[in-house]
J.: 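Below: one structure in structure tokens.
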Amino acid sequence: MAHERRPPMAPSASRYHRRRSSGTRDERYRSDVHTEAVQAALAKHKERKMAVPMPSKRRSLVVQTSMDAYTPPDTSSGSEEEGGQGEGTPTSSQGSVSMEHWISRAIHQGSTTSSSSSSTQSGGSGAAGRLADVLAQTHVGKSGNPCLCVFIGSFRKFDSCLNDNNCFFPGLCVLLCINTCVSSLGVPVSSRVSAKIQQLVNTLKQPRRPPLREFFVDDFEELLEVQQPDPNQPRPEGAQMVAIRGEPLGVVTNWPPSLEAALQRWGTISPKAPCLTTMDTNGKPLYVLTYGKLWSRSIKVAYNILHKLGTKQEPMVRPGDRVALVFPNNDPAAFMVAFYGCLLAEVVPVPIEVPLTRKDAGSQQIGFLLGSCGVTVALTSDACHKGLPKGPTGEIPQFKGWPKLLWFVTESKHLSKPPRDWFPHIKDANNDTAYIEYKTCKDGSVLGVTVTRIALLTHCQALTQSCGYTEAEIIVNVLDFKKDVGLWHGILTSVMNMMHVISIPYSLMKVNPLSWIQKVCQYKAKVACVKSRDMHWALVAHRDQRDINLSSLRMLVVADGSNPWSISSCDAFLNVFQSKGLRPEVICPCASSAEALTVAIRRPTDDSNQPPGRGVLSMQGLSHGVIRVDTEERLSVLTVQDVGTVMPGALMCVVRPEGVPQLCRTDEIGELCVCSIATGMSYYGLSGMTKNTFEVCVLSDSGAPISEYPFTRTGLLGFIGPGGLVFVSGKMDGLMVVSGRRHNADDIVATALAVEPMKFVYRGRIAVFSVTVLHDERIVVVAEQRPDSTEEDSFQWMSRVLQAIDSIHNVGVFCLALVPANTLPKTPLGGIHLSETKQLFLEGSLHPCNVLMCPHTCVTNLPKPRQKQPEIGPASVMVGNLVSGKRIAQASGRDLGQIEDNDQARKVCRTPAPLFLFLSEVLQWRAQTTPDHVLFTLLSSRGAVLSSLTCLQLHKRAEKIATMLMERGHLQDGDHVALVYPPGIDLIAAFYGCLYAGCVPITVRPPHPQNIATTLPTVKMIVEVSRSACVMTSQVISKLLKSKEASAAVDVRTWPPVLDTDDLPKKKPPQLYKPSNPDTLAYLDFSVSTTGMLAGVKMSHTATSAFCRSIKLQCELYPSREVAICLDPYCGLGFVLWCLCSVYSGHQSILIPPSELEVNPALWLLAVSQFRVRDTFCSYSVMELCTKGLGLQTESLKSRGLDLSRVRTCVVVAEERPRIALTQSFSKLFKDLGLHPRAVSTSFGCRVNLAICLQGTSGPDPTTVFVDMRALRHDRVRLVERGSPHSLPLMESGKILPGVRIIIANPETKGPLGDSHLGEIWVHCAHNGSGYFTVYGDEALQSDHFNSHLSFGDTQTIWARTGYLGFLRRTELTDASGERHDALYVVGALDEAMELRGMRYHPIDIETSVIRTHKSIMECAVFPWTNLLVVVVELEGSEQEALDLVPLVTNTVLEEHYLIVGVVVVVDIGVIPINSRGEKQRMHLRDGFLADQLDPIYVAYNM
């Protein structure tokens, strides 16, 4: 880079031309010092490569957002209405900085710039062009200062990572986040009173227990880290300030006693004097309104309002009533006539914007204001009336939120002439309300500020005095004449002084930005009222003009002078136009607010030697609310100019923005407050807010009021400098308090716009606001992106903006979003509607095309990570059945009585009370004693009986299958046989055939014919892993296994022999096999766990019989019963109920294959009703299908005679935490069809024990408790009331089965736990599996899961570990034996639980929160990856909504779980894999994500 310097030179015309063509920028937000600061900060970042990961975006999404046919925002893109943060927001029409203005030395030399090099030197420039090129090429990376250092790889970019030597893990980049706002880690203080009260209530409800030491805080309150104030932070040191009084208001003898009197005077003495000239869009004078015309027409309007609306007896409008004034911005004459007509009629005008559509942003709030003011009449002009939206019959529709209005056109031709004797009554100014000015608040609500007649007159007098207005002066007004400075100067004060106003409409400024300067020259105007935007536009366009002469101007009122960034426009404007006759002392910034009217204005002086006041303030100091003139000459400074002195007759002071209104110190920033007659009086109809704003009693340090009169808050932040000069540093509405430091939205906007030329975003189209997430404000920046900028460009710009804001303001941006051009909600005058934008952001309707979230950098107040304490030793803990003063968490079902089954056993074996029953023998006995009793009935999708099996039929078929196995299969006893059948009767017959032949059956779900490629490999794997000697199946599936499609998926030549049972031998086997030892294998139960592990569990004959007996007792099953089963019959309890229980207990099983419900969702419930079933079993998938598929059909089902009133138990078979929401909605939905809410319950089983709990027929109903989710993360159980914050409902998983014993153990130390602990559920029971069947013989794994011992206490019993976390609770209920009932609550699988920040999280809890955040999120799954939380959401809706979900998901998880989401993945519906039991396969999903197989719509990497 060349280090040449150029002397500052006067800016040439060609240079401005060049600037304009390169995309014009808005000078208001330009300050060279600031630009230099931003560029210097970014230069520090450029050494390292850009490390911020680009989000992955689906191609369709990229194309849509960039290629849509946008109407580009008008090139001017300035907003008419930038005032008031809620309005066009201060951030509305801003622009950025031109490259030429970079001052190169700061970047080359690192040298600093003195405070004098403020924007006055905007002419100077260094070797900026080349520097710009170089910086444009550089990538952004990490710098030495505590700035953003972010690095996550898009998982798509494996190769780039592998080639990057800096990468820590080849193939996978890892998130490094360095907090930008690292505070000295303070000790949290428990200061939340409400939480303490809540805690007290909970404590009183529970018996007091001593705290356990292993929990990290005794009172369960997780304390968010309290930001400790930095001991070195600057504090105010000055003396207490003294209120400053303006010069006295000198009453001139000929000042009129009221504004109407002034109008009467000029209308009668000088009727021909011009009052207002309006312009057309070509800049030609359209119409001149004289004082005579204004006077006569206002009288006409006044007469018609009072006498021509309603009837003589019941006039619609009486003096004192409010009426709306709805006039477009290009018709000031009609507005002026209507306004003065109202004043003369003594009705109160409420000027508002023209509603363009029924759903205009913010228009609804305007409607609420009109309603609260009791407005029934709206005055408007003819043209405006014609332009309003009309209904089909031509009437104007009622706008949303608006009261019913009568629209009244005020053009003279439509009005009646007043009688000769009618004359308005002109009084002296009094305390009646003169008009109401609307004001939009930060939250979007609209308030009406009432201004009394005396305040109106006094304000006009004060402006006349401070601006030195004289009769017949010409004033050019570019401002909105309906409110604020435009109304006060251009409509009111002008009439008091008989001045001539040249009104320039916004539409003309858009066509010709120089129009106002041309009018000043043409009319030799003395005064002009503009905003800094208008000065900027003139700068951009002025080169087209030769003969500009501004020497006539004595005062250029800059209406938004209170915006600190207006200084650069003022300086640049002076720089260019000084040569055209503009004098420096002419520029007069003023500060105003809706509540306090004009707060301060710089007086036009003749003394050009007195320079205006300047301050170069440290941003760091300002963020702590103190004034520090920046002596260190650092780069993060704010240059402010004075807005003149206090208004005549007013008293001004500065008070602390928070808390009691106390006077500030001299070096402290506070809110300016004014005590004067010339301020607003109240917010219409809101006495409480009025008291806080208009009746402020300011106190000194001693606590005494400083004045007997109340002050009005201006909403402006600032201070009073030397010589009584007022300085404004920002607005209260734009204030964002982040971690105790104050930042101003305007300043953030200025920094964002100083980053790059406007290649990527539109100037004037940036919104900055804060949202509250996790007890602190977080900054959000939203900008409109140009349609021609590429993804990479935009992303580059975004990451640079983050770095700049971080360096300059030392604050992190929580979210930066870019939206397509022209999509942000606008105010009627073109500015960005801030509160509406914020609302859209919060509800997920902003539809951004790019999002960058930085929660890792911004959120520094998370709870402390948990430090796990070492476990307490056994000696100090065990005393009888107590652990540390708590009851040991153990429970058992009732004893498996030998009695009632022994009769049956005797009958079967004809021997005295045998030790054991084999299922094959029970079937033979039933075939002999009750041969024609139907055991199984299979239904078709229409509900018809497809086939059924009696005891004898089943026995006969089983014999034939056994023969086939021995003869055709040549199998020995003990060989394994894979049964690959669809759900049905063949499967049952094949199972008993295997038992008869002495083989070990393994039931396998058949491959799906439409999806062979993914389903067949699982079948093959089970066949291989189970070492099956042959495969038994039906003819159809047998063909499928050897088909062409199958050979593409697996090697079909390696199948064991496949036997087709559709063609069975006719003969019986010579003899049926009788097992010699009940502990031999009966069958293998293979299934895939939710974590994706395939495991086969060995079930012995002992366990199988014990299992059936336990279920028989729990459900009271007898041969006379019918049970409807809608489950998959391949593993777990589903298989036992489908194949085994009927044979054991003799009841009839009505079998409904779940796949048939996809054709006919009502099949299961209709069958239950038709067969009058009392007990039914289903899965969650079935229940969900019924809830979603039949939700709207309950009436028609009722008419078809569906009746569920006989159902006493409807059990959901599951291996997970009960899904309360689903069971409850199912119960509610079918309550009308007779389903008893108490009938629905769940069971719980797992791999080691296929059924531990099952809600039987007798015993208490399942209970639901609410536990504190925060305590649960620390493995503690704390019951709370329903609806309390962080409460989680848990439903009991059914009654513990007979013969089952349960204990809760610590999964790490294997010690027994007390009942207030969450631990692993261990089970001891006769029907436990006897181990895993694996090819690899991993004995260690097996012995641990099936044969565990407690480390202390009862160390003899052999327990099986379920791998599920849960807890036991002794309830108040009693069971059948009269004992207190123990309820088991399952919380989640140990394998799935995530250890994050030292705490244990269950995916389902986070997923439940995420699904609630937005209506488009249909399903969600979370999993951890290298300590990052990855959230995958399925989007129902257009891809445009994908990016809306990223901030919402991040916010919700932060708020509810204190976790930072690392990656958000948005996918299509159906991408999250779900197994046959309806459980999410999260690990499967994780593997798919890492292997890049999900085809996501969008992947966001949070920084």
Side-chain angles (χ1 to χ4, degrees), residues 263 275-276 278 280 286-290 292-312 314-319 321-358 360 363 366-367 370 373-399 402-419 422 424 435-436 438 480-483 487 491 503 505 507 828:
L263 175 58
C275 166
L276 177 77
T278 62
D280 64 14
L286 188 63
Y287 181 73
V288 179
L289 179 69
T290 61
K293 282 271 189 327
L294 174 60
W295 170 236
S296 60
R297 287 182 188 172
S298 303
I299 290 179
K300 205 170 180 183
V301 168
Y303 172 76
N304 278 269
I305 291 175
L306 292 176
H307 298 280
K308 294 293 173 187
L309 296 175
T311 61
K312 259 205 170 104
E314 272 299 309
M316 268 187 82
V317 181
R318 296 190 160 101
D321 286 354
R322 276 76 47 210
V323 298
L325 264 53
V326 186
F327 289 90
N329 291 314
N330 57 4
D331 198 353
F335 173 82
M336 203 164 183
V337 167
F339 190 92
Y340 280 101
C342 290
L343 288 186
L344 292 173
E346 295 181 52
V347 301
V348 179
V350 185
I352 56 166
E353 307 303 337
V354 178
L356 301 176
T357 63
R358 294 192 61 179
D360 233 4
S363 139
I366 294 268
L370 298 181
C373 291
V375 171
T376 53
V377 173
L379 308 187
T380 187
S381 69
D382 213 0
C384 182
H385 188 258
K386 288 189 175 118
L388 286 169
K390 302 282 192 301
T393 54
E395 85 294 350
I396 294 170
Q398 196 168 339
F399 296 103
W402 285 43
K404 198 159 171 43
L405 294 180
L406 171 75
W407 292 84
F408 184 68
V409 176
T410 56
E411 252 84 348
S412 272
K413 59 182 180 199
H414 299 289
L415 303 180
S416 334
K417 257 186 134 163
W422 188 85
Y435 69 96
I436 293 176
Y438 82 86
D480 178 8
F481 50 77
K482 295 191 291 298
K483 54 185 299 210
L487 172 70
I491 302 284
S503 189
S507 50

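By convention here, the first residue in the shown sequence is residue 1.
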J.: Does the side chain of Lys483 come within less than 4.5 Å of Pro351's, by heavy atoms?
T.: no
J.: If you take all heavy atoms of Asp480 and Glu353, which pair is closest and at what distance?
T.: OD2-OE2, 3.8 Å
J.: With rounding to the nearest 0.5 angstrom, report the NZ to OH distance, Lys417 to Tyr303.
T.: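 Answer for the NZ-OH pair, Lys417 versus Tyr303, is 12.5 Å.
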J.: Can His307 and Ser416 be said to form a side chain to side chain contact (heavy atoms under 4.5 Å, CB included), step by step?
T.: CA-CA 10 Å; His307 298 280; Ser416 334; over 6 Å; no
J.: Give a yes or no answer on whether the side chain of Tyr340 reaches the backbone of Ile491 with a donor-acceptor pair at less than 3.5 Å.
T.: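 Pair found, side chain donor or acceptor close to backbone of Ile491.
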J.: Work out which heavy atom in Pro389 is nearest to a heavy atom in Pro355; give both atom names and the distance.
T.: CD-O, 4.1 Å
J.: Please tell me if the side chains of Phe339 and Leu379 come closer than 4.5 Å, counting only heavy atoms from C-beta onward.
T.: no
J.: Within 45° of the axis and under 6.0 Å from the centre of the six-membered ring of Phe335, does NZ or CZ of Lys482 qualify?
T.: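 That pair does not qualify as a cation-pi contact.
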J.: Should Thr410 and Thr380 count as side-chain neighbours, where that means a heavy-atom distance under 4.5 Å?
T.: no
J.: Do Ile352 and Leu370 make a side-chain contact, defined as non-hydrogen atoms from C-beta onward lying under 4.5 Å apart?
T.: yes
J.: Just verifying a value: how many Å separate Leu325 CG and Tyr435 OH, rounded to the nearest 0.5 Å?
T.: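 OH of Tyr435 is found 12.5 Å from CG of Leu325.
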J.: For Lys293 and Tyr287, what are the C-alpha separation, side-chain angles and deciding distance, and is it a side chain to side chain contact (heavy atoms under 4.5 Å, CB included)?
T.: CA-CA 12 Å; Lys293 282 271 189 327; Tyr287 181 73; 4.2 Å; yes
J.: Got Val317 and Val323 here, is their nearest side-chain heavy-atom distance under 4.5 Å?
T.: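 Answer yes - side chains close enough.
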J.: Looking at every heavy atom in both Arg318 and Pro315, which two are closest together, and how far apart are they?
T.: NH2-CD, 3.8 Å
J.: Provide the closest heavy-atom pair for Pro319 versus Val347 in the form atom of the first, atom of the second, distance.
T.: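 For Pro319 versus Val347, the nearest heavy atoms are CA-CG1, 4.2 Å.
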J.: Strictly distance-based, threshold 3.5 Å: is any side-chain N or O of Arg322 a donor or acceptor partner for the main-chain N or O of Cys373?
T.: yes
J.: State the CG-CH2 distance between Leu388 and Trp407, to the nearest 0.5 angstrom.
T.: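 Those atoms lie 5.0 Å apart.
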J.: To the nearest 0.5 angstrom, please state how far the NZ atom of Lys413 sits from the CG atom of Asp382.
T.: 5.0 Å
J.: Would you sort out whether Leu406 and Leu309 count as a side chain to side chain contact (heavy atoms under 4.5 Å, CB included), showing the intermediate values?
T.: CA-CA 9 Å; Leu406 171 75; Leu309 296 175; 3.5 Å; yes
J.: If you define the side chain from C-beta out and look only at heavy atoms, does anything of Pro424 sit under 4.5 Å from Leu343?
T.: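 Pro424 vs Leu343: side chains apart.
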J.: Decide if atom NZ of Lys390 counts as having more than 12 heavy atoms of other residues, nucleotides or ligands within a radius under 6.0 Å.
T.: yes
J.: Flag the pair Asn329 / Pro505 as yes when at least one side-chain heavy-atom distance between them is below 4.5 Å, and no otherwise.
T.: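 No, every pair of side-chain atoms sits at 4.5 Å or beyond.
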J.: Looking only at heavy atoms, what is the nearest atom pair of Cys275 and Met336, with distance?
T.: SG-CE, 3.5 Å
J.: Would a distance-only check, ignoring hydrogens and angles, find a side-chain to backbone donor-acceptor pair under 3.5 Å from Trp422 to Ile299?
T.: no
J.: Verify side chain to side chain contact (heavy atoms under 4.5 Å, CB included) between His385 and Ile396, making sure each step is shown before the conclusion.
T.: CA-CA 9 Å; His385 188 258; Ile396 294 170; 3.5 Å; yes
J.: Give me the atom names and distance for the closest heavy-atom approach of Leu344 to Ala302.
T.: CB-CB, 3.9 Å
J.: Hey, could you give me the NE2/CG distance between His414 and Asn304, rounded to the nearest 0.5 Å?
T.: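 Between atom NE2 of His414 and atom CG of Asn304 there are 11.5 Å.
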J.: Would you say Ser298 and Leu263 make side-chain contact, with heavy atoms under 4.5 Å?
T.: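 SC-SC contact between Ser298 and Leu263 confirmed.
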J.: Mind checking the OG-CG spacing from Ser507 to Asn330? Nearest 0.5 Å is all I need.
T.: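 Answer for the OG-CG pair, Ser507 versus Asn330, is 5.5 Å.
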